[in-house]
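Values below: all heavy atoms of this structure, side chains included; hydrogens, waters and symmetry mates excluded.
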Amino acid sequence: MSVDPPGRRPPRLLGIFAHPDDETICAGGTFAKYAGSGAEVSVVALTRGGAGQIRDAAVATRATLRAVRERELDAAGKELGLTRTRCLDHPDGGLAEVDGETLLEQVSELIAEFDPDVVITFGPDGFSGHPDHVAVGAAVTAACYRLRSVTSPRLFHCHLPRSRMLLRDRLAAWVVELTTRFKGTRDFVRALSVFSRETTALGLAADFVSVEWFPSGTYLIEQGEEATTMHFLLSGSVEIRREGADGRVRVVDRSGPGEFIGEQGIATGRPRNAHVVALDDVTSLTFLASESSVDRRRDQTLPLPTRSLPSGDQIDARVSTCIDVSDFVGHKIRATAAHRSQYPIDPAMFPDSILREMFGVEYFIQVLPERELDTSLLDD
């Protein structure tokens, strides 16, 4: 795909967001796709993300986080092929309190400076409901309406569908298909904890993921019960015990940190074929097919009506554009990993099939130019 006809300047895309990493999570695949075809793609974050969590203590401290996240945005931009990245200095977590006219003027100046053909930002739901996102989206949208008689940029709001995919099921199938027993490294343990929580919180997967504690001597799983949960051991060890028809119990295996428990039942849909008992105090990352409270809160902010995709996922009925970014998922994941303070993951840790299913399409709602009104109820 080439977007640069001979004799014309390359198309320009501008993403305006609240924090470093928003650009990657919301539209990273799309940015990489258009940058790869010759477009000039720029991103501006209105804060340096100083209020974000620090998920890797080796990367930043509270005093250095703002500078670190600005550098991370630059590194992510290189993975996505961005032309320019920039961070402004508004307070993270305080954009909703910034004077609306001041924010509008500043955003208008950015649009005039970058002179984009396409602007991408948040919609009224803020993508994830974050007040900073909502404030930025409102300011950018108002600025594009104000400037449309002068620059007439095409304005798109990012949209996040509500996925029905269960990360639990995909991980179980992956582990069962492996020819050797899976045992995750310490880095994988940390990465899976972050990855699973973030994707389910955003609605990219429909699991409920929690950390559970099991005292020594208690059951994580009982033989014969329905397989509904899968555990990933974070600490402690467990014993796998199989009970025969005569009631005799024998130990068949042991598992420890970095190993999955219960994946066979999930992958096959059969009842549990053994007991799993904690040998000492055990903590596990537990995957359950259930709508989380975070998703329910998000649903209240989503506009209605929605429509169903062939996958069963729900999208806003106003969605106008879906971009196939399956060939650029690697760019998106590497850019995510570049935001190390927020996402301490190794891009090669997770199966490509899962990543493509979760991140292979990005959705947008076209806001400007406004669609012309039809003049007939029938196709002429």
Side-chain angles (χ1 to χ4, degrees), residues 163-200 204-212 214 219-242 250-279 282-290 311 326-327 329-334 336-337 343-360:
S163 176
R164 297 180 63 187
M165 189 199 92
L166 290 172
L167 184 58
R168 177 201 67 180
D169 293 354
R170 303 303 186 272
L171 289 171
W174 170 55
V175 174
V176 167
E177 289 172 2
L178 294 176
T179 55
T180 58
R181 183 172 181 173
F182 180 84
K183 186 173 179 63
T185 63
R186 182 176 298 179
D187 284 344
F188 182 88
V189 172
R190 177 171 60 178
L192 181 60
S193 298
V194 172
F195 181 81
S196 60
R197 290 187 178 192
E198 285 295 307
T199 54
T200 55
L204 291 166
D207 309 73
F208 175 66
V209 180
S210 64
V211 175
E212 292 190 283
F214 299 89
Y219 285 92
L220 282 74
I221 288 173
E222 291 190 52
Q223 186 173 328
E225 68 182 3
E226 181 184 358
T228 57
T229 60
M230 183 175 71
H231 302 276
F232 181 71
L233 299 182
L234 302 175
S235 66
S237 58
V238 299
E239 201 166 63
I240 317 299
R241 303 173 183 175
R242 188 156 291 136
R250 60 189 179 92
V251 176
V252 296
D253 206 352
R254 288 189 177 187
S255 294
E259 295 184 69
F260 288 96
I261 297 296
E263 72 280 3
Q264 285 284 350
I266 296 297
T268 63
R270 298 171 183 166
R272 304 300 193 183
N273 61 12
H275 302 295
V276 179
V277 179
L279 289 179
V282 167
T283 54
S284 83
L285 195 65
T286 302
F287 296 81
L288 174 68
S290 174
S311 64
S326 53
D327 290 340
V329 168
H331 295 73
K332 183 179 180 110
I333 299 303
R334 290 193 298 274
T336 301
Y343 299 98
I345 63 173
D346 178 344
M349 282 180 173
F350 303 105
D352 185 65
S353 59
I354 294 178
L355 298 176
R356 282 175 174 264
E357 184 175 1
M358 297 182 77
F359 304 114

Set out, in order, the CA-CA distance, both residues' side-chain angles and the distance that settles side-chain contact (heavy atoms from CB on, under 4.5 Å) for Met349 and Ile333, then state yes or no. CA-CA 11 Å; Met349 282 180 173; Ile333 299 303; over 6 Å; no

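- Note: Phe208 CZ to Leu166 CG = 14.0 Å, rounded to the nearest 0.5 Å.
- Using a 4.5 Å heavy-atom threshold, the side chains of Val282 and His231 count as separate.
- Counting non-hydrogen atoms of neighbouring residues, nucleotides and ligands closer than 6.0 angstrom, the CZ atom of Arg250 reaches no more than 12 such neighbours.
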Hey, mind stepping through Val175 and Met230 against side-chain contact (heavy atoms from CB on, under 4.5 Å) and telling me if it holds? CA-CA 12 Å; Val175 174; Met230 183 175 71; over 6 Å; no

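- A 4.5 Å side-chain heavy-atom check between Arg272 and Glu222 finds every atom pair outside the cut-off.
- Leu171 places none of its side-chain heavy atoms less than 4.5 Å from the side chain of Glu263.
- Counting all heavy atoms, side chain and backbone alike, Leu234 lies closest to Ser193 at CD2-OG, 4.0 Å.
- Here the side chains of Ile240 and Ile261 are in contact, with some heavy-atom distance below 4.5 Å.
- Here the closest heavy-atom approach between residue Thr228 and residue Leu288 is recorded as O-CD1, 3.8 Å.
- Taking each heavy atom of Arg270 and Ala227 in turn, the nearest pair found is O-CB, 3.6 Å.
- The heavy-atom pair separating Gly262 from Ile221 by the smallest distance is CA-CD1, 3.8 Å.
- Smallest separation of non-hydrogen atoms from Gly236 and Pro257: O-CD, 3.2 Å.
- None of Thr229, Thr283, Thr286 except one satisfies the side chain to side chain donor-acceptor pair (under 3.5 Å) rule with Glu212; the exception is Thr286.
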Check step by step if side-chain contact (heavy atoms from CB on, under 4.5 Å) holds for Phe214 and Leu233. CA-CA 11 Å; Phe214 299 89; Leu233 299 182; over 6 Å; no

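- Between His275 and Tyr219, the ring planes lie perpendicular to each other; the angle is over 60°, past the 30° to 60° tilted range.
- Residues Ser255 and Arg181 form a side-chain contact, since some pair of their non-hydrogen atoms from C-beta on lies under 4.5 Å apart.
- Arg168 and Thr200 share no side-chain donor-acceptor pair at under 3.5 Å.
- Residues Phe195 and Val209 are not in side-chain contact: their nearest non-hydrogen atoms beyond the backbone lie 4.5 Å or more apart.
- Formation of a donor-acceptor pair under 3.5 Å by the Arg356 side chain with backbone atoms of Ser326 is found in this model.
- Interatomic distance, Leu355 CG to Thr336 OG1, rounded to the nearest 0.5 Å: 9.5 Å.
- Residues Met165 and Met358 approach most closely at CE-CG, 3.4 Å, considering heavy atoms.
- Taking the centre of each ring, Phe287 and Phe260 stay at or above the 6.0 Å mark.
- Listed for the Arg164 side chain is no donor-acceptor partner under 3.5 Å among the backbone atoms of Ala206.
- Ring pair Phe182/Phe188 is perpendicular by interplanar angle, where above 60° counts as perpendicular and below 30° as parallel.
- Contact check for Ser196 versus Leu285: side-chain heavy atoms found under the 4.5 Å cut-off.
- Distance check, rounded to the nearest 0.5 Å: CG of Asp253 to CZ of Arg241 gives 12.5 Å.
- Listed for the Glu259 side chain is a donor-acceptor partner under 3.5 Å among the backbone atoms of Gly256.
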